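Each ligand, and each atom within it, is numbered from 1 in the order the structure gives. Any value given below was found using the heavy atoms of this structure, including those in side chains, with hydrogens, waters and symmetry copies removed. Keep in mind that what you see is a predicted model, and the values were worked out from it rather than measured.
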Amino acid sequence: MDFEFTGEQTQLRKSIRDFAELEIRPHVLDWDENQIFPLEVIKKAGDLGLLGAIFPEELGGAGLGYIDYSIIIEELARVDPSVALIVAAHNSLCTNHIYVAGNEEQRKKYVPKLASGEWIGCWSLTEPEAGSDAAGTRSTATLKGNHWILNGGKTFTTNAQYADVCVAMAVTDRSASHHGISAFILENGTPGFRVGKKENKLGMRASATGEVLFTDCHLPESQLLGKQGEGFVDSLRILDGGRISIAALSIGIAQGAFDAALKYSKHRKQFGRFISEFQSIQHKLSDMATAIEAARLLTYKAAARKDAGKRITKESAMAKLFASEMAVKVADEALQIHGGYGFIKDYPVEKFYRDVKLCTIGEGTSEIQRLVIARQLLKE
Ligand SMILES: Cc1cc2nc3c(=O)[nH]c(=O)nc-3n(C[C@H](O)[C@H](O)[C@H](O)COP(=O)(O)OP(=O)(O)OC[C@H]3O[C@@H](n4cnc5c(N)ncnc54)[C@H](O)[C@@H]3O)c2cc1C
């Protein structure tokens, strides 16, 4: 076991932190308040290789592992969780599904353009009636001649409004249950494919979340992704990796909130003393820092297993569950340390407090993570 970062990882953290401080920090409030999707910064992230972090160099990726990827997502989230969410959905959901399940032609066509940021990707599993129970997908795909005809609609798709490529799941054989849902690659402009309502959200407001709709959408047969009927099973594998990114995102939010609270506690005076001198504030800071570190260890363990090619269903669910619930508590305590000033938008904790809630919901709620973990424990 080696708990030290490599020189490259330390350098990577520093360069992402510099990028986030310089290019993102000055705009965070404006993007949040006005729900502005930061397309220009996302393109710059593409130039830096962040949109293809986990893909091999021969496909235009940065060839990094999941620990490096966690560092990237964490550092982006420490400044703006929305940017981290956009990058995470693009990398570990959309592009990774094509990379993992795609044939050679699909990989070569899509991964390089997604990895460079020329194209933005989204991934649509959730439907209005199929959230936690994603196998309850109702959208359908029927093969007619050499085209699939898709009908139905998806909800809550991150990046939907800005995506050039969408990976979406639809039922191809209702009688086959979990093995009757297939994945498809849709390009913007495909007839019958359109994006619907953009959601007005509590947090993560600079990320776009919206509907994806199919009305007699004609898709060439070759746009089937992976084996017919295996799209749902593949999605679960994709989510195993994706959950590492949501754990990292949670850690980034917690770290950002903690940093703000620590700084504030050393400046704010009450009763003639800095509030950091009060033992109850010190205990809060100690508990927060300890919990963040524990979440990091769980997340890096899952990431290291992923890089070693091992199964991570239990480990990534544990990391995501612990890190997201930890981050909700840390953001709450960080706001508490700010007193009334934590409640106003002049201080960053107000936004962390709103953004963080997504982490216990997206890519499977805490209740579903517990269910996933329990299933693995009972199998072992
Ligand atoms: C900002 C945002 C971005 C998102 N991005 C994407 C995306 O890019 N792609 C995508 O496909 N989806 C995305 N989602 C959807 C997200 O994954 C779902 O919201 C989530 O899986 C929960 O589904 P639901 O909202 O339908 O809640 P429901 O499934 O209706 O759950 C409601 C409540 O019931 C609980 N519950 C449900 N089933 C059980 C059970 N068996 N046991 C115990 N409790 C249970 C849940 O834990 C929850 O507390 C996003 C959501 C948000 C808010």
Side-chain angles (χ1 to χ4, degrees), residues 31-32 35 37 42 73 77 80-98 114 120-139 152-163 165-170 181 183-186 195-214 225 231-232 234-243 245-247 249-250 253 316-317 320-321 324-325 327-328 351 354-375:
W31 293 344
D32 176 67
Q35 302 190 66
F37 184 92
I42 295 302
I73 298 296
D80 191 346
S82 285
V83 173
L85 182 63
I86 294 165
V87 173
H90 174 97
N91 254 295
S92 40
L93 297 182
C94 175
T95 315
N96 200 39
H97 199 145
I98 297 174
L114 288 161
I120 306 285
C122 71
W123 190 81
S124 294
L125 176 63
T126 307
E127 295 189 357
E129 306 299 330
S132 300
D133 181 16
T137 296
R138 294 188 176 182
S139 294
K154 300 284 173 181
T155 189
F156 288 139
T157 295
T158 299
N159 297 345
Q161 278 76 10
Y162 294 85
V165 179
C166 174
V167 170
M169 274 40 80
I181 297 172
F184 297 90
I185 309 175
L186 295 108
V195 171
K197 182 177 156 230
K198 180 181 169 184
E199 304 297 346
N200 184 3
K201 309 192 292 292
L202 167 75
M204 300 288 193
R205 288 166 60 80
S207 75
T209 314
E211 290 175 330
V212 165
L213 305 166
F214 319 112
L225 174 61
F232 175 72
D234 286 344
S235 292
L236 298 184
R237 271 199 295 157
I238 297 305
L239 284 168
D240 282 349
R243 284 171 184 154
S245 70
I246 302 299
L249 205 159
S250 308
I253 295 179
S316 65
K320 198 261 184 193
L321 171 65
S324 62
E325 299 209 330
V328 168
K351 181 173 176 297
R354 288 185 286 108
D355 287 344
V356 74
K357 195 54 202 158
L358 183 266
C359 299
T360 63
I361 296 169
E363 300 202 24
T365 61
S366 289
E367 291 78 5
I368 295 304
Q369 302 313 310
R370 288 189 170 90
L371 206 135
V372 170
I373 295 163
R375 249 187 227 141

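The ring pair (Phe, Tyr, Trp, His ring centres under 6.0 Å) search around F232 returns H178, not counting sequence neighbours. Residues passing the salt bridge (charged side-chain N to carboxylate O under 4.0 Å, His left out) test with K154 are E127, sequence neighbours excluded.
Any N or O atom pair closer than 3.5 Å counts here, and S132 shares at least one such pair with ligand 1. Checked against a 3.5 angstrom limit, the closest N/O atoms of S124 and ligand 1 fall outside it. Checked against a 3.5 angstrom limit, the closest N/O atoms of T365 and ligand 1 fall inside it. An N or O contact shorter than 3.5 Å links T126 to ligand 1 by distance.
The one candidate from V212, I98, L93 that meets the side-chain contact (heavy atoms from CB on, under 4.5 Å) condition with W123 is L93.
Among protein heavy atoms, the minimum distance from atom 24 (P) of ligand 1 is reached at G131 CA, 4.0 Å. Atom 20 (C) of ligand 1 has its closest protein heavy atom at I361 O, 3.6 Å. Ranking the protein heavy atoms by distance from atom 4 (C) of ligand 1 puts F156 O, 3.2 Å first. Among protein heavy atoms, atom 39 (C) of ligand 1 sits closest to I368 CD1, 3.9 Å. Atom 9 (N) of ligand 1 has its closest protein heavy atom at W123 O, 2.8 Å.
Evaluated by nearest non-hydrogen atom to atom 49 (O) of ligand 1, the leading choice among M204, Q369, E367, K201 is E367.
In this structure, T360 OG1 and I368 CD1 are separated by 12.5 Å, a value rounded to the nearest 0.5 Å. The line from CD1 of I246 to OG of S316 is 11.0 Å long, rounded to the nearest 0.5 Å. Taking NZ of K198 as the reference point, atom CD of E211 lies at 13.5 Å (rounded to 0.5 Å). C359 SG to L321 CG: the interatomic distance, rounded to the nearest 0.5 Å, is 12.5 Å.
The proximity of L371 to ligand 1, defined as any non-hydrogen pair under 4.0 Å, is limited to the side chain.
For the pair D355 (side chain) and M204 (backbone), a donor-acceptor distance under 3.5 Å is present. Side chain of R205 to backbone of K201: a donor-acceptor contact under 3.5 angstrom is found.
Atom 12 (N) of ligand 1 lies below 4.0 Å from at least one non-hydrogen atom of the protein. In this structure, atom 44 (N) of ligand 1 is in close contact with the protein, since a protein heavy atom lies within 4.0 Å of it. Distance remark: protein heavy atom present below 4.0 angstrom from atom 7 (C) of ligand 1. There is no protein heavy atom closer than 4.0 angstrom to atom 32 (C) of ligand 1.
Ring geometry for Y162 versus F37: interplanar angle under 30°, hence parallel rather than tilted (30 to 60°).
Per-residue contacts place L125 under 4.0 angstrom from the following atoms of ligand 1 (heavy atoms of the residue considered): 10 (C), 11 (O). Within the listing of ligand 1, atoms 1 (C), 2 (C), 52 (C), 53 (C) sit less than 4.0 angstrom from a heavy atom of L358.
In this structure, E363 has a heavy atom closer than 4.0 Å to ligand 1.
E325 and S366 form a side-chain donor-acceptor contact under 3.5 Å, judged by distance and modelled atom types alone.
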